[in-house]
*Asks:* 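Quick one: structure below, then a few questions.
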There are 2 protein chains.
Amino acid sequence: MIQQKIGVRIKELRISLGLSQEKFALKIGMDRTYFASVEAGKRNISINNLEKIINGLELSFSDFFSGMED
Amino acid sequence: MIQQKIGVRIKELRISLGLSQEKFALKIGMDRTYFASVEAGKRNISINNLEKIINGLELSFSDFFSGMED
DNA sequence: TTGTGACTTGTAGTCCGTG
DNA sequence: GCACGGACTACAAGTCACA
């Protein structure tokens, strides 16, 4: 399931930035509990919200997905 | 807006496969009119539906986004 | 063959908490 | 700092008639 792989990828990148879920969610203007469920792979996120996250991780879509484990 | 860039990218790839919107939508099990609106960049598509489309285009997420114009 | 407006239903997404 | 839940509201999913 793609949403789970995305969650894993987001988590590893957020941690590498040294930010908590809460701080990161705040930074990108997203609800803390919703962001947590995305990271847990439980949400079928929309592309606009995924863009918010990827921007917050300071990556391009291409880089985000090219580094994703399959 | 990311959804518009995605629509453009999908359209160019679908055409390169030589398929109509209808045939492609049928192939991936998606409603034709819904697919048309995604191609037109009018829908904030979810990651699971985008996955269906990208699979139908026979590409990886990475390749899909690496070829996207910005 | 494709574009679009209108509509209903399911779930994305928000906000309040808890251990 | 994180996982989880309840109760909401907003919006994506999915379908149709018609151009």
Side-chain angles (χ1 to χ4, degrees):
Chain A
M1 211 53 166
I2 187 70
Q3 64 198 54
Q4 287 163 358
K5 292 190 271 179
I6 285 176
V8 170
R9 177 80 171 133
I10 290 171
K11 184 170 191 174
E12 84 185 15
L13 290 164
R14 172 183 61 79
I15 289 174
S16 77
L17 289 179
L19 295 174
S20 68
Q21 288 182 345
E22 184 159 17
K23 289 211 167 140
F24 185 78
L26 188 68
K27 172 185 176 184
I28 64 174
M30 184 172 281
D31 182 71
R32 154 184 77 79
T33 66
Y34 178 66
F35 178 75
S37 67
V38 169
E39 250 194 23
K42 294 180 177 168
R43 296 290 188 144
N44 178 20
I45 193 173
S46 71
I47 199 68
N48 286 344
N49 268 337
L50 181 58
E51 184 183 29
K52 269 198 207 171
I53 293 174
I54 290 180
N55 286 344
L57 294 170
E58 288 155 27
L59 281 181
S60 65
F61 270 84
S62 179
D63 287 341
F64 179 83
F65 284 105
S66 69
M68 204 165 80
E69 46 195 81
D70 49 308
Chain B
M1 212 53 166
I2 186 70
Q3 66 198 54
Q4 287 164 359
K5 291 190 271 178
I6 285 176
V8 170
R9 178 79 171 132
I10 291 172
K11 183 169 191 174
E12 86 185 14
L13 290 164
R14 173 183 59 80
I15 289 174
S16 77
L17 288 180
L19 295 175
S20 67
Q21 287 184 345
E22 184 159 19
K23 289 210 166 143
F24 184 77
L26 187 69
K27 172 185 177 183
I28 65 174
M30 184 172 281
D31 183 74
R32 174 191 74 76
T33 66
Y34 178 68
F35 177 75
S37 66
V38 169
E39 251 194 21
K42 297 190 171 160
R43 299 280 190 149
N44 178 19
I45 193 174
S46 72
I47 199 68
N48 286 344
N49 268 339
L50 182 57
E51 183 183 28
K52 267 199 210 171
I53 293 173
I54 291 178
N55 286 345
L57 294 170
E58 288 154 30
L59 280 180
S60 65
F61 271 84
S62 178
D63 287 340
F64 179 82
F65 284 105
S66 70
M68 204 166 77
E69 46 196 79
D70 49 307

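Chain letters run A, B, ... following the sequence lines, proteins first, then strands; residues in each count from 1.
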*Asks:* Can you name the residues that form a side chain to side chain contact (heavy atoms under 4.5 Å, CB included) with B/N55, not counting sequence neighbours?
*Replies:* B/E51

*Asks:* My understanding is that only residues two or more places apart in sequence, or in another chain, count here; which of them pass side chain to side chain donor-acceptor pair (under 3.5 Å) with A/N44?
*Replies:* B/S46, B/N48

*Asks:* Can you sort out the partners of B/S37 under side chain to side chain donor-acceptor pair (under 3.5 Å), two or more places apart, ordered by chain and number?
*Replies:*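 Counting only residues at least two positions away or on another chain, B/S37 forms a side chain to side chain donor-acceptor pair (under 3.5 Å) with B/R43.
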
*Asks:* Tell me, please, which residues at least two apart from A/Q4 pass side chain to side chain contact (heavy atoms under 4.5 Å, CB included).
*Replies:*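 Testing A/Q4 for side chain to side chain contact (heavy atoms under 4.5 Å, CB included), a comparison that skips the adjacent residues, returns A/M1.
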
*Asks:* Could you give all pairs that pass the salt bridge (Lys or Arg N to Asp or Glu O under 4.0 Å) test and reach residues 12-24 of chain B, with sequence neighbours left out?
*Replies:*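 Listed once each, the pairs are B/R9-B/E12, B/R14-B/E39.
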
*Asks:* Give the dot-bracket line for DNA chain C from 5' end to 3' end: parentheses for intra-strand Watson-Crick or G-U pairs under 3.5 Å, square brackets for crossings, | for inter-strand pairing, dots for unpaired.
*Replies:* .||||||||||||||||||

*Asks:* Apply ring-ring contact (aromatic ring centres under 6.0 Å, His included) to A/F65 and list each qualifying residue two or more places apart in sequence or on a separate chain.
*Replies:* B/F61, B/F65

*Asks:* Quick one: which residue pairs count as a salt bridge (Lys or Arg N to Asp or Glu O under 4.0 Å) with a foot in residues 55-67 of chain B, not counting sequence neighbours?
*Replies:* B/K27-B/E58

*Asks:* How does each nucleotide of nucleotides 12-19 of chain D score, in 5' to 3' order, for protein heavy atoms under 4.0 Å: base (B), sugar-phosphate only (S), or none (-)?
*Replies:* SBBBBB--

*Asks:* Please list, in numerical order, the residues of residues 10-20 of chain A that have a heavy atom closer than 4.0 Å to any atom of DNA chain C.
*Replies:* none

*Asks:* By side chain to side chain contact (heavy atoms under 4.5 Å, CB included), which residues pair with A/D31, not counting sequence neighbours?
*Replies:*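 So A/D31 forms a side chain to side chain contact (heavy atoms under 4.5 Å, CB included) with A/T33, A/Y34.
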
*Asks:* My understanding is that only residues two or more places apart in sequence, or in another chain, count here; which of them pass side chain to side chain contact (heavy atoms under 4.5 Å, CB included) with B/I15?
*Replies:*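 B/I15: side chain to side chain contact (heavy atoms under 4.5 Å, CB included) contacts with B/K11.
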
